[in-house]
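What you see below is based on every heavy atom in this structure, not just the backbone, and it leaves out hydrogens, waters and symmetry mates.
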Amino acid sequence: MKAFGFLSFGHYAPRGYDAREMLHQAVEIAQGADELGVNGAYFRVHHFARQAASPMPLLSAISATTRHIEVGTGVIDMRYENPYYLAEEAAALDLLSDGRVALGVSRGSPEPALRGWEAFGYTGSDDPRGADLGRAKFEQFMAAIRGETVVDADPRQFGPGQRLAIEPRSDDLPRHIWWGAGTRATAEWAAELGVNLMSSTLLTEATGQAFGDLQAEQIDAYRAAWKAAGHDWTPRVSVSRSIVPVTTDEDRELIGMGLGGGSSDQIGVIDGMRSTFGKTYTGEPHELVEQLRHDAAVMAADTLMITIPAQLGVAYNLHLLESFAEFVAPELGWLPNTEGAVGGYPID
């Protein structure tokens with residue numbers, strides 16, 4: 001692990017934080033995290049739910065009011081996106097932030113709406129999960145941000161036979177895109193396409209192995225496929241974990257009220273497939289260091305995303321991030337954001 005950031009679901013509710021307050025608090029948490037040296041501010045994207053949705057305004061607000069922190073998503077659901085408009089937005093964000101973008105995208109997780117992407121106007125999928133739609137759009141998106149021409153030009157303006165590419169463009173943007181993968185096969189597909197790997201918060205496998213070990217195998221498969229593809233740059237890999245350092249009485253009280261979540265990996269069914277979900281890490285800082293050192297995926301990835309309880313407000317979330325930055329992360333190889341952009345581990 002070289003870097004860590006926070007991953008927020010952006011929850012809000014009628015009784016508690018409303019959407020306006022959630023968004024403003026997200027910016028404040030990112031600003032405080034930037035000052036702490038935290039490397040990334042990442043947000044989940046969900047539709048038809050009281051959670052963060054369209055991410056670009058939020059990421060733009062954060063990048064405009066911070067200096068070092070990376071801004072990104074985990075993940076944008078491609079089923080709901082116009083790939084060319086997303087290419088325009090992503091390029092503009094990358095240029096405005098001076099390259100501090102890490103956009104995680106994927107087919108998407110289960111949503112509250114039944115085939116909700118069709119309400120957004122995107123039809124034609126024969127897959128009840130829309131996976132074919134998501135992947136086809138992703139390939140269009142990547143072609144657009146790589147500068148390939150995507151439309152015929154008006155011959156009255158450009159003459160016959162001319163084609164146009166999406167504008168604006170950021171030459172480095174293709175290296176700032178991540179695919180959220182829940183299987184080894186999908187991770188290998190992402191490697192072949194030449195994008196970074198965002199290993200999912202769950203894996204659609206249930207072999208009895210620890211979640212971290214399953215993820216480590218996925219990461220190994222990704223890096224082997226990357227090497228075989230012959231790409232000329234080093235990719236990045238991220239994993240996410242729920243981690244609560246216990247350093248105060250308030251931490252202990254909240255753990256007792258259920259903040260800690262599950263203390264062991266969980267097996268469940270999602271999209272009809274048996275899946276493995278990672279456990280929550282809680283404990284004194286020295287205990288966390290020891291536990292995380294034995295998490296093979298955390299140590300294999302260059303970036304760790306820590307899911308935060310955004311409903312608990314700015315002060316408490318910055319306390320959690322500061323505790324991790326001060327007492328845990330340095331023991332795992334962390335380099336603060338003032339050390340420059342994060343790079344992936346070399347692939348031998």
Participant: Are the side chains of Trp178 and Leu197 in contact, using a 4.5 Å heavy-atom criterion?
Facilitator: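 They are not in contact (no side-chain heavy atoms under 4.5 Å apart), so the answer is no.
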Participant: Between Met305 and Phe6, is any pair of side-chain heavy atoms under 4.5 Å apart?
Facilitator: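 Sidechains of Phe6 and Met305: no contact.
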Participant: Apply side-chain contact (heavy atoms from CB on, under 4.5 Å) to the pair Phe324 and Glu322, showing each step before the final yes or no.
Facilitator: CA-CA 5 Å; Phe324 191 82; Glu322 184 174 24; over 6 Å; no
Participant: Checking side-chain hydrogen bond (donor to acceptor under 3.5 Å, both in side chains) against Arg100, which of Thr66, Asp94, Asn337 comes through?
Facilitator: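 Checked Thr66, Asp94, Asn337 against Arg100; only one passes side-chain hydrogen bond (donor to acceptor under 3.5 Å, both in side chains): Thr66.
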Participant: Find out whether Tyr80 and Glu111 are in side-chain contact, i.e. whether some heavy atom of one side chain is under 4.5 Å from a heavy atom of the other.
Facilitator: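 Touching, per the 4.5 Å side-chain cut-off.
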Participant: Using salt bridge (Lys or Arg N to Asp or Glu O under 4.0 Å) as the criterion, list what pairs up with Arg236, not counting sequence neighbours.
Facilitator: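 Arg236: salt bridge (Lys or Arg N to Asp or Glu O under 4.0 Å) contacts with Glu70, Asp302.
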Participant: Is the charged tip of Arg184 near the ring of Trp189: under 6.0 Å from the six-membered ring centre and within 45° of its axis?
Facilitator: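 Verdict for Trp189: no cation-pi partner in Arg184.
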Participant: Can you confirm whether Asp154 is buried at CG, in the sense that more than 12 heavy atoms of other residues, nucleotides or ligands lie under 6.0 Å from that atom?
Facilitator: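 Counting other residues, nucleotides and ligands, CG of Asp154 exceeds 12 neighbours.
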Participant: Given Phe120 and His47, is the ring-ring contact (aromatic ring centres under 6.0 Å, His included) satisfied, shown in steps?
Facilitator: CA-CA 10 Å; Phe120 277 45; His47 302 284; 5.2 Å; yes
Participant: Where do Tyr12 and Tyr17 land on the ring-ring contact (aromatic ring centres under 6.0 Å, His included) test, with the steps shown first?
Facilitator: CA-CA 5 Å; Tyr12 60 94; Tyr17 300 136; over 10 Å; no
Participant: May I ask you to check whether Asn39 and His68 show a side-chain donor-acceptor distance below 3.5 Å?
Facilitator: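 Short answer, no.
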Participant: Classify the angle between the aromatic ring planes of Tyr222 and Trp226 as parallel (below 30°), tilted (30 to 60°) or perpendicular (above 60°).
Facilitator: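 Correct class here is tilted.
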